[in-house]
2 protein chains.
Amino acid sequence: MNLELTPVQTVACCSPLSGEPLSASEAEGIAPLLKALADPVRLRLMSLVASHEGGEACVCDLNGAFDLSQPTISHHLKILHAAGLLEREKRGVWVYYRARTDALASLAALIGGHSK
Amino acid sequence: MNLELTPVQTVACCSPLSGEPLSASEAEGIAPLLKALADPVRLRLMSLVASHEGGEACVCDLNGAFDLSQPTISHHLKILHAAGLLEREKRGVWVYYRARTDALASLAALIGGHSK
DNA sequence: CGTAAATATTTACACTCATCTATGTCTTAA
DNA sequence: TTAAGACATAGATGAGTGTAAATATTTACG
């Protein structure tokens with residue numbers, strides 16, 4: 001049994017910023033999610049994946065969109081995956097990433113939500 | 001005449017992540033906003049200010065909530081203010097901060113919004 | 001098997017950042 | 001004018017981060 005919270009559970013834990021003050025541990029759970037998003041390359045990666053047809057994109061689709069080395073893109077994808085913002089599925093030689101829209105929605109509710 | 005975009009305008013520029021792919025310059029405009037939020041202390045500061053009675057809080061209210069030095073809190077408040085997430089107003093000896101709920105709402109719409 | 005292609009890992013490095021201590025500025029009051 | 005309190009700035013330091021080069025891993029296909 002796993003006592004760790006998934007990132008989605010972590011961010012779904014709390015009332016919005018404008019509601020109750022966040023506890024220290026809640027904030028420490030949520031900050032890594034925002035940190036993962038808080039990079040121009042990773043923002044574009046999320047956007048490219050989320051808006052790609054079929055809701056998914058393989059790394060080969062993503063590498064070309066940046067003026068960065070392939071390992072660097074791979075590194076950013078790993079961070080987004082570790083944060084729970086991207087799902088990873090290997091099909092043959094290719095790896096497909098899919099956006100966790102539920103995690104994004106929870107995060108959005110936390111940031112912009114109104115207390116009832 | 002000022003050609004710089006305010007942070008709120010910056011984040012209000014774009015369709016949500018799941019809509020059109022973000023351009024490089026859009027992503028570079030938005031990432032600093034997320035970066036400002038992507039710290040446990042700053043998340044709690046935003047939450048404390050936003051949920052404080054009257055929608056504002058003075059630094060004296062905030063310092064006590066953390067086990068950090070006063071200059072460190074001041075530093076974080078400066079970052080949030082520079083990002084456009086907090087308004088600053090000096091009244092007498094005290095400085096009051098107020099959350100830019102419009103900026104938070106725009107950010108939330110960008111992250112979690114659906115492309116109609 | 002051997003080769004090529006797609007993606008990940010490792011290592012190294014420059015750079016940024018969170019924090020502290022010390023000090024400065026500004027405001028109010030005595 | 002002096003003193004005290006609230007908040008900001010400056011400088012220093014140790015930890016973290018984005019990037020590239022080199023290398024490894026995995027899969028498909030002759």
Side-chain angles (χ1 to χ4, degrees), chain A residues 22 24-25 27-49 52 54 56-98, chain B residues 22 24-25 27-49 52 56-83 85-98:
Chain A
L22 243 45
S25 59
E28 278 163 17
I30 296 163
L33 264 173
L34 286 163
K35 215 170 195 176
L37 266 186
D39 177 274
V41 174
R42 293 198 288 270
L43 257 186
R44 289 183 63 203
L45 280 171
M46 282 302 298
S47 173
L48 281 167
V49 171
H52 201 266
E56 63 180 15
C58 80
V59 182
C60 56
D61 293 324
L62 304 170
N63 274 327
F66 299 87
D67 206 21
L68 294 171
S69 67
Q70 172 265 319
T72 297
I73 298 300
S74 188
H75 168 245
H76 286 300
L77 288 169
K78 183 181 184 177
I79 288 176
L80 288 167
H81 177 61
L85 293 170
L86 285 181
E87 279 172 355
R88 217 183 91 101
E89 185 189 355
K90 185 162 187 176
R91 294 208 293 269
V93 187
W94 295 277
V95 173
Y96 289 84
Y97 284 91
R98 179 177 295 270
Chain B
L22 243 44
S25 60
E28 279 162 16
I30 296 163
L33 263 173
L34 287 163
K35 213 170 196 174
L37 266 187
D39 178 274
V41 174
R42 292 198 289 270
L43 260 185
R44 288 183 64 202
L45 281 170
M46 282 301 300
S47 173
L48 281 167
V49 171
H52 201 266
E56 65 181 13
C58 80
V59 183
C60 56
D61 293 324
L62 304 170
N63 274 327
F66 299 87
D67 206 18
L68 293 170
S69 67
Q70 172 266 319
T72 297
I73 299 301
S74 188
H75 168 246
H76 286 301
L77 288 169
K78 183 181 185 177
I79 288 176
L80 288 168
H81 176 61
L85 293 170
L86 284 182
E87 280 172 354
R88 215 184 92 101
E89 185 189 354
K90 184 163 188 175
R91 294 208 295 270
V93 188
W94 297 278
V95 174
Y96 289 85
Y97 285 92
R98 179 177 295 270

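Reminder, nothing fancy here: chain letters follow the sequence lines and each chain counts from 1.
- Note on A:Lys90: every side-chain N or O is 4.0 Å or more away from OP1 and OP2 of D:dT26.
- Here the options are B:Glu89, B:Glu87, B:Glu56, the test is side chain to side chain donor-acceptor pair (under 3.5 Å), and the partner is B:Arg98; only B:Glu56 passes.
- For B:Arg42, a side-chain nitrogen or oxygen approaches OP1 or OP2 of C:dA18 to under 4.0 Å.
- For A:Lys35 and D:dT17, the shortest distance from a side-chain N or O to OP1 or OP2 is below 4.0 Å.
- Here B:Arg88 reaches the OP1 or OP2 of D:dA8: one of its side-chain N or O atoms lies under 4.0 Å away.
- Listed nucleotides D:dA20, D:dC7, C:dT9 differ in distance to A:Lys78; the shortest reach to its side chain belongs to C:dT9.
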Taking it one step at a time, do B:Asp61 and B:Leu48 satisfy side-chain contact (heavy atoms from CB on, under 4.5 Å)? CA-CA 9 Å; B:Asp61 293 324; B:Leu48 281 167; over 6 Å; no

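- Protein atom CD of A:Glu89 is 19 Å distant from nucleotide atom P of C:dA6, rounded to whole Å.
- Contact of the A:Val49 side chain with the A:Leu80 side chain is not registered, since no non-hydrogen atoms from C-beta on lie closer than 4.5 Å.
- Here the side chain of B:Pro71 is nearest to one of C:dA18, C:dC20, D:dT9, namely D:dT9.
- Scanning atom types as modelled, no donor and acceptor separated by under 3.5 angstrom connect the side chain of A:Gln70 and the base of C:dA6.
- Using a 4.0 Å heavy-atom distance criterion, B:Leu77 is classed as making no nucleic acid contact.
- Note on A:Tyr97: a side-chain N or O is less than 4.0 Å away from OP1 or OP2 of C:dA8.
- Among the nucleotides C:dA6, C:dT27, C:dT19, the one closest to the side chain of B:His75 is C:dT19.
- Per the geometry, CG belonging to A:Leu43 stands 12 Å off P belonging to D:dG18, to the nearest Å.
- An OP1 or OP2 oxygen of C:dT19 is reached within less than 4.0 angstrom by a side-chain nitrogen or oxygen of B:His76.
- Between B:Thr72 and C:dA18 there is no side-chain N or O to OP1 or OP2 distance below 4.0 Å.
- What separates CD1 of B:Ile79 from C1' of C:dT19 is a distance of 11 Å, to the nearest Å.
- Of the possible polar contacts, one joining the A:Arg42 side chain to the A:Lys35 backbone as a donor-acceptor pair under 3.5 Å is found.
- Nearest nucleotide to the B:Ser69 side chain, out of D:dT19, C:dT21, C:dT28: C:dT21.
- Both B:Val95 and A:Asp39 sit near DNA chain D, but only B:Val95 has its closest nucleotide nearer the 5' end.
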